[in-house]
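A short write-up of the structure that comes next.
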Amino acid sequence: MEIAAMADPAPASWADGVQVEGQRLQAYLQQRQHTLMMKGAAEVLKHTLEPLPTTNAQDGRVHFGDSLLLRSRGTGGLLQADVADQIQVQEGSRAPAASASLSTGSMLAACPRNTFTVSRVHDDDEFGISCFLHYGQVIRLGTSPHLQDQPLYLHSSGSGTGAATGNALGEGETLVCLYPRAPASTHWRVLRAEANSDTTNHAAEPVALGAQIRFENVATGSSMSSDSVVRTTSYGNEWRVFGVQGAGAGSTGSASTWSFVNSNWAEDRVAEARKAGGAGTARAAVLGVVAPSGADPGELLLNPVARAEHDLRTLRSEGRTKDYEILARLYPQLRRNGMHGVRRLRRMCTSADIGGNGTLRIQTFLGHITAFGLRVNAEERDQLLELFGEEPAKTHVEYRRFFALMAPSMQGVREGAVRDAYTTLQERSAGGFVEVATLQRNWDPCCHPDVQRGELIQSEAMQDFLQQWDITSVDGLVSSEAFMDYYHDVSAAVESDEDFVELVRRGWGL
């Protein structure tokens, strides 16, 4: 998936500069991660990416038994399965079943992970013996036998747990995944995108290829959707798929709008891209990708590895991103020092900053990071000075920017989880005053990742936790600002929003 290049507006302040630099860095790191994961998937999950023909009916209609692609209008990508990303889904009183996650992505080639078969749920429904899919009709969508031996069916439920990433659900959202059984939660009614129910769908009319439709789950009433929120899959960075409850006509917009398409449609898009590129054209736009001279735009659409490598080369050609290579190595190494590693290093830097201006001599800074197992050579030292050196001499580094670029944004779900935790502590405290003793009584050391891995016992984790608090107020209280500051450092050590939220919630029994 392409991560769009960032523009270079002149920052109005130090904070704005960090934000702009952080956006560039995140774009680079995400694309780098995507490229590496896509290369790995091309080997380990090779069978899911092999070419697979779809049904190419000449009448332009959707038939039962057809094997087709599903294109999201919200992202422009195709619905894709990730059988390596397991979700444990419990349906009713039955035991949880291992299910597979879904996403949408930019690859256009038909393959086992994006080809689905349309089947009729009720032979005795009101549509007689017609082989056409009609608006208002209830169907089931199953995976190709080339994906795995046991079929999986498009499913909607209100919950799901497991190793899957990016499946955090917002208010009014339901889980949409691939389930190995075929209960009512795998039944979907096909509606016109703008219609509320089958009574306004001209039910006698068959569904055409390319028509804008909506899939409404019979069991949950939710509409399958995909938006621009990026999630990490076994194949790299793709867009999330989820359900929206109570979605009426037009209420979810393009996110809930889909179309059945086939490989003829994909081939037409590739032909258009190649025509737009043209032989000898220096640069050609292809679905938001700029293809340099000599690159085949069609190959970028059909070959996910070529696309990923191309997008990474494009970012690297932008000059400054070359310096990000050092951060791509140092940040993961620092995170491996545990949930408090970032906080300990930042506090060491702050203590050594005698002038309190946020800078340290480069030799001092390198000495501190060496204590955490991070070592750099002369070229990498120059890269750090290029990124964080204080003008004009560049003998000092702005260590605050080093940590600011490492930390994911605390806005949204992360900040919300921390605020919920502090509010809960106030409710559990006498008079609503939170003290270190309050933290000690309420914090669960089992949330510590090292405890979960068996590397620390609970008493050691509690001691490690309590050492992170320097209370400067005369009354010994832990302010909401100090609480948020602690979790800002922890957040820098935890890349996944889901993992961070779980760490906070489990730590305080939320």
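Values below: all heavy atoms of this structure, side chains included; hydrogens, waters and symmetry mates excluded.
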When rounded to the nearest 0.5 angstrom, what distance separates [atom1] in [X] from [atom2] in [Y]?
X    : Y    : atom1 : atom2 : answer
T48  : Y235 : OG1   : OH    : 2.5 Å
I139 : R120 : CD1   : CZ    : 12.0 Å
H146 : C111 : NE2   : SG    : 11.5 Å
N262 : L69  : CG    : CG    : 7.0 Å
H448 : I457 : NE2   : CD1   : 12.0 Å
F215 : L70  : CZ    : CG    : 4.5 Å

Any idea which heavy atoms bring [X] and [Y] closest together, and the distance?
X    : Y    : result
P206 : F132 : CB-CB, 3.9 Å
R414 : D497 : NE-OD1, 2.6 Å
H187 : A182 : NE2-O, 4.2 Å
G142 : Y153 : CA-CD2, 3.9 Å
A100 : L152 : CB-CD1, 4.0 Å
A211 : Y135 : CB-OH, 3.5 Å

Report task. For the residue pair F127 and H134, categorise the inter-ring angle as parallel (less than 30°), tilted (30 to 60°) or perpendicular (more than 60°). Result -> parallel
Query raised in the report: Do the rings of H340 and F465 sit parallel, tilted or perpendicular, given the 30° and 60° boundaries?
Result: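 Tilted: the ring planes of H340 and F465 meet at 30° to 60°.
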Report task. Go through the side-chain N and O atoms of T115 and S144 and say whether any donor and acceptor fall under 3.5 Å apart. Result -> no
Query - Side chains of S67 and T54, donor plus acceptor under 3.5 Å - result: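 Absent: no donor and acceptor within the cut-off.
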Minimum side-chain heavy-atom gap [X]-[Y] below 4.5 Å:
X    : Y    : value
V190 : Q137 : no
L175 : F242 : no
V504 : Y487 : yes
R506 : C446 : yes
S103 : W239 : no
V490 : R343 : no
D123 : F64  : no
V207 : V62  : yes

Query raised in the report: What's the verdict on side chain to side chain donor-acceptor pair (under 3.5 Å) for S223 and S256, showing C-alpha distance, side-chain angles and the deciding distance?
Result: CA-CA 6 Å; S223 294; S256 297; 5.0 Å; no
Taking [Y]'s backbone N and O only, do any of them form a donor-acceptor pair with [X]'s side chain (distance below 3.5 Å, no angle check)?
X    : Y    : answer
T55  : A57  : no
Q86  : V83  : yes
W258 : L79  : no
Q245 : G221 : no

Query raised in the report: What's the verdict on side chain to side chain contact (heavy atoms under 4.5 Å, CB included) for F116 and L68, showing C-alpha distance, side-chain angles and the deciding distance?
Result: CA-CA 5 Å; F116 298 86; L68 297 169; over 6 Å; no
Report task. Report the C-alpha separation of S156 and T220 in whole Å, then their side-chain angles, then the decisive distance to 0.1 Å, and conclude whether the side chain to side chain donor-acceptor pair (under 3.5 Å) test is met. Result -> CA-CA 7 Å; S156 174; T220 65; 3.0 Å; yes
Query raised in the report: Does atom CZ of R94 have more than 12 heavy-atom neighbours, drawn from other residues, nucleotides or ligands, at distances under 6.0 Å?
Result: no
Is the shortest side-chain N to carboxylate O distance from [X] to [Y] below 4.0 Å?
X    : Y    : answer
D82  : R113 : no
D66  : R61  : no
R269 : E272 : yes

**Report entry** side chain to side chain donor-acceptor pair (under 3.5 Å) between Y179 and S157, worked out
**Finding:** CA-CA 10 Å; Y179 190 63; S157 72; over 6 Å; no
Requested in this report: Give the intermediate values and the outcome of side chain to side chain contact (heavy atoms under 4.5 Å, CB included) for residues V138 and W188.
Outcome: CA-CA 5 Å; V138 178; W188 298 82; over 6 Å; no
Report task. Please lay out, stage by stage, how D227 and R240 fare under the test side chain to side chain contact (heavy atoms under 4.5 Å, CB included). Result -> CA-CA 6 Å; D227 60 19; R240 70 169 185 152; 2.9 Å; yes
Requested in this report: Check step by step if side chain to side chain donor-acceptor pair (under 3.5 Å) holds for N217 and S185.
Outcome: CA-CA 7 Å; N217 189 266; S185 56; over 6 Å; no
Query raised in the report: Are R181 and H155 close enough, and set up right, to give a side chain to side chain contact (heavy atoms under 4.5 Å, CB included), and what steps lead you there?
Result: CA-CA 9 Å; R181 301 166 186 152; H155 162 92; over 6 Å; no
